Amino acid sequence: MIFITRTTQHVTFLAILIFSLMACTKGPKSADAIASISADQQLEELVESQWQRSLKETPDMASFLGDKRYNDKWQDLSIDAITDRNKKNQLVLANLANIDYQSLSKANKVNYELFKWQIQTKVDAFAFSPYVMPMDQLEGIQFIDQQADYFPLDTFDDYQDWLTRMQALPALISQTITLMETGIEQGIVSPKAMMSRIPEQVKVHLVDDPQSSLFFAKFTTFPKTISPEQQRALTAQAKVIIENDITPAYQKLYDYLINEYLPQSRETVGIWDIPNGKAYYQYLISHYTTTNLTFDEIHQLGLKEVARNRAAMDEVIKEVNFKGSFNEFLTFLRTDPQFYYKTSEELLEGYQAISKRLDPQLTKLFGKLPRSPYGVFPISAAMAPDSTTAYYMSPSADGKRPGHYYVNLYQPETRPKYEMEVLSVHEAVPGHHLQIALQMEQENLPEFRRYLDFVVFSEGWGLYSERLGYDMGLYKDPYSRFGQLTYDMWRAVRLVVDTGIHAKGWTRQQAIDYFMKNAAKTEQDITNEIDRYIAWPGQALAYKIGQLKIIALREQAEQALGDKFDIRAFHDTVLENGAIPLNVLEDKVTEWISASK
């Protein structure tokens, strides 16, 4: 999973962030003005102007990429600002319509389509008012302190900018509350099962001593560029802001959640139970998968993939001579101490050791590798109890911050060893880090495409990478092989439970039970996963659908090229254009097959 925040939201997922990056302030140009420059130049100027505007309107994203120009600001989350950004997006579409598509170069036709797709999707999403549900247990303003980890704190001015943001946090919290109040008025509220986790997450910010605040962590050590006098001044300012501004603002949010929002949250968990919920879910399916599949088609595909994986898992059970039922084998895997580390420290060392074994194997499968390194880091203690098993954070655009492969060390007795190899190839290499870092380093792509995310591509690639573990000499132990099948089953189960929850009226417990019945993941992980699907409708569908498309394209290439098939060239072809919709990927691979013949 690729994580950035809704308040980074990552907030949140890179896809959501990129949408907000597509705002425009210019109205449609006159026909005379358009005729004076070429179609290619018109498009390139429009894309560049919107990229610059997007960085200004999403300062947290600019900081994440290493651009310091807006470091003292937050994104404006007022209703007026959100509405205004939507109007500007509509004007972008009008500008695009005035460009002669047929006169564009081949490369710019692709840029045009991707740029238009992103803007149109943003406009379409606005109609469903998703912004009135601004928090969930994985993303939101309760985790905004973590932005300091990606904020450039190298100079005195950098710290002053961060302090300015800290002081402005109460306004952002008030905007968040206003969004939720608007949601209540519109009947668009989040499920109680999900929201009930959040007050405890907010509570960690209700401190008596400012020095115990998470926001104070960056003021305990300083780079050498900061003098002792400056350090004392910055520390004093931080204490005052935490005590007078941040803590009271979070107290206000906590009280609102407990007294107002939670009592009016939904008892149901599916998105179907909000106004236009089923139409919104179908939109999300189209957005995340870049296909026209219906939820019924995806549900049936999931059942088929579950059955296929189950047959392969049964073969492994026979191989290890386990005497018992499938459910008894899953219980054995979940409870036998041999499959778990005793401490969080041992678990982290285990992940680090696996990552060191992966890197030397990459040249067998890829002709081009990213320059940017990555590291293995623990998920923060505050976030870990409600977080998924792991996630990935991309490097900064300026090359100063490496990629981050975050692993969950909470309750190591629930983190099985047999999942660690498959998880690492997905989140690190050859999965997310390799794909995303390469994309960011593609200098031939326009700026917006270097950070563009299509979840079906990036997560489909991550899941496809899990099978590349066999090519890299992993999964030699049958239990690790069962772990790989468990992860593939996990993504197949997603197709069933996500559509079940959001379109077929499944309850939370019904989804947990189905997951428990079919996969060897622990109950702690499964519960967190189901709550993630509740929070992010449709997102989990992209993994398996993207993976199956890449597998099908590889099989097509192998069959067409025979002995001429080059796995390194195939992978380079898949990755060279960055994240793209599945239909565009299919066109690119088909062109490569023809050229290779």
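This structure is a prediction, so every number in the text was calculated from the model and none was measured.
Contact check for Phe366 versus Leu468: side-chain heavy atoms found under the 4.5 Å cut-off. Between Phe457 and Val574, some side-chain heavy-atom pair lies under the 4.5 Å cut-off. Tyr340 places a side-chain heavy atom less than 4.5 Å from the side chain of Thr522. Between Met135 and Met194 the shortest side-chain heavy-atom distance does not fall below 4.5 Å. For the pair Ser372/His433, a side-chain contact is recorded, criterion being any heavy-atom separation below 4.5 Å from C-beta on. Residues Ser344 and Pro412 have side chains in contact (heavy-atom distance under 4.5 Å, counting atoms from C-beta outward). Annotation: side chain of Asn309 is not in contact with side chain of Asn518 (no heavy-atom distance under 4.5 Å).
With 3.5 Å as the limit, one finds a donor-acceptor pair spanning the side chains of Glu529 and Trp490. Between the side chains of Thr155 and Asp157, no donor-acceptor pair is found at a separation under 3.5 Å. Using modelled atom types and a 3.5 Å distance limit, the side chains of Gln137 and Asp531 yield no donor-acceptor pair. For Thr389 and Asn408, the side-chain atoms include no donor-acceptor pair closer than 3.5 Å. Residues Gln539 and Tyr543 bring a donor and an acceptor atom of their side chains to less than 3.5 Å of each other. For the residue pair Tyr487 / His426, no side-chain donor-acceptor distance below 3.5 Å is found, with atom types taken as modelled. Residues Ser424 and Tyr405 have side chains that bring a donor and an acceptor to within less than 3.5 angstrom of each other. For the residue pair Tyr410 and Arg415, no side-chain donor N or O sits within less than 3.5 Å of a side-chain acceptor on the partner. Using modelled atom types and a 3.5 Å distance limit, the side chains of Tyr288 and Glu459 yield no donor-acceptor pair.
Listed for the Gln439 side chain is a donor-acceptor partner under 3.5 Å among the backbone atoms of Ala579. Within the 3.5 Å criterion, the main-chain N or O of Gln160 finds a donor-acceptor partner in the side chain of Thr164. Thr507 contributes a side-chain N or O that, together with a main-chain N or O of Gln510, makes up a donor-acceptor pair within less than 3.5 Å. Looking only at distances, no side-chain donor or acceptor of Thr58 sits under 3.5 Å from a matching main-chain atom of Met61. For Ser355 (side chain) and Gln352 (main-chain N/O), no donor-acceptor pair under 3.5 Å exists by modelled atom type. Looking at His502, its side chain does come within 3.5 Å of a backbone N or O of Tyr533 through a donor-acceptor pair. A donor-acceptor pair under 3.5 Å links the side-chain atoms of Thr220 to the main chain of Ala217, judged by distance alone. Of the possible polar contacts, none joining the Tyr514 side chain to the Gln509 backbone as a donor-acceptor pair under 3.5 Å is found. One N or O on the side chain of Thr176 and one on the backbone of Leu172 form a donor-acceptor pair closer than 3.5 Å.
Each of Tyr150, Tyr374, Phe64 was evaluated against Ser394; a single residue qualifies, Phe64, per the side-chain contact (heavy atoms from CB on, under 4.5 Å) test. Screening Phe216, Tyr254, Phe215 against His205 for a ring-ring contact (aromatic ring centres under 6.0 Å, His included) leaves a single residue, Phe215. Here the options are Tyr418, Phe322, Phe329, Phe332, the test is ring-ring contact (aromatic ring centres under 6.0 Å, His included), and the partner is Phe482; only Phe329 passes.
Taking a cutoff of 4.0 Å between a charged side-chain nitrogen and a carboxylate oxygen, Lys364 and Asp471 do not qualify as a salt bridge. Taking the charged nitrogens against the carboxylate oxygens, Arg401 and Asp149 have no contact shorter than 4.0 Å, which rules out a salt bridge. Using a 4.0 Å cut-off between charged side-chain N and carboxylate O, Asp72 and Arg165 make no salt bridge. In this structure, Asp477 does not pair ionically with Arg481, as no charged nitrogen and carboxylate oxygen lie closer than 4.0 Å. Ion pairing of Arg491 with Glu305 is absent here, as no side-chain N (NZ or NE/NH1/NH2) approaches a carboxylate O to less than 4.0 Å. For Lys544 and Asp488, the salt-bridge test passes: some basic side-chain N is under 4.0 Å from an acidic carboxylate O.
Cation-pi geometry between Lys521 and Phe515 is not met: the NZ or CZ atom fails to fall both under 6.0 Å from the ring centre and inside 45° of the normal.
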Exercise for the section: Would you check, one step at a time, whether the test side chain to side chain contact (heavy atoms under 4.5 Å, CB included) holds for Tyr341 with Met420? Expected result: CA-CA 11 Å; Tyr341 286 106; Met420 294 171 68; 3.6 Å; yes
Exercise for the section: Run the numbers on Arg450 and Glu441 for salt bridge (Lys or Arg N to Asp or Glu O under 4.0 Å), then give the verdict. Expected result: CA-CA 7 Å; Arg450 290 167 62 190; Glu441 295 169 9; over 6 Å; no
Handout entry: Chi angles and distances behind the salt bridge (Lys or Arg N to Asp or Glu O under 4.0 Å) call for Asp314, Arg310
Key = CA-CA 6 Å; Asp314 286 339; Arg310 173 61 181 274; 3.3 Å; yes
Practice task
Could you walk me through whether Phe222 and Tyr159 pass the ring pair (Phe, Tyr, Trp, His ring centres under 6.0 Å) test, one step at a time?
Solution key: CA-CA 10 Å; Phe222 293 88; Tyr159 276 90; 5.1 Å; yes
Problem - Asp158/Lys68 under salt bridge (Lys or Arg N to Asp or Glu O under 4.0 Å): CA gap, chis, key distance, verdict - result: CA-CA 8 Å; Asp158 290 342; Lys68 295 185 177 184; 3.0 Å; yes
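For the atom pair OG1 of Thr486 and CE of Met313, the computed distance is 3.5 Å after rounding to the nearest 0.5 Å. How far OG1 of Thr527 is from CD1 of Ile512: 4.0 Å, rounded to the nearest 0.5 Å. Once rounded to the nearest 0.5 Å, the distance linking CG of Asp498 with CD1 of Ile501 reads 6.5 Å. Here the CD atom belonging to Gln411 is positioned 10.0 Å from the CG atom belonging to Asp525, to the nearest 0.5 angstrom. Atoms CE and NZ, from Met166 and Lys218 in turn, are 12.5 Å apart once rounded to the nearest 0.5 Å. For the atom pair CE (Met383) and CD (Gln201), the distance works out to 8.0 Å, reported to the nearest 0.5 Å.
Other residues, nucleotides and ligands contribute at most 12 non-hydrogen atoms within 6.0 Å of the CD atom of Glu523. Open room surrounds NZ on Lys203; 12 or fewer heavy atoms of other groups in view lie less than 6.0 Å from it. Heavy atoms from other residues, nucleotides or ligands lying under 6.0 Å from CG of Asp208 number 12 at most.
Contact record, Asp398 with Gly66: OD2-CA, 3.8 Å, taken as the closest heavy-atom pair. The two residues Asp154 and Thr225 come nearest to each other via the heavy atoms O-OG1, 2.5 Å. Leu438 and Lys368 get closest at one heavy-atom pair: CD1-O, 3.7 Å. Between Ser265 and Pro191, the shortest heavy-atom distance links the atoms CB-C, 4.2 Å. Nearest heavy atoms, Gln231 versus Ile226: NE2-O, 3.0 Å. Of all the heavy atoms in Met489 and Ala519, the pair that sits closest is CG-CB, 4.2 Å.
Within the 6.0 Å centre-distance limit, the rings of Trp461 and His571 are counted as a close aromatic pair. A distance below 6.0 Å separates the ring centres of Tyr470 and Tyr475.
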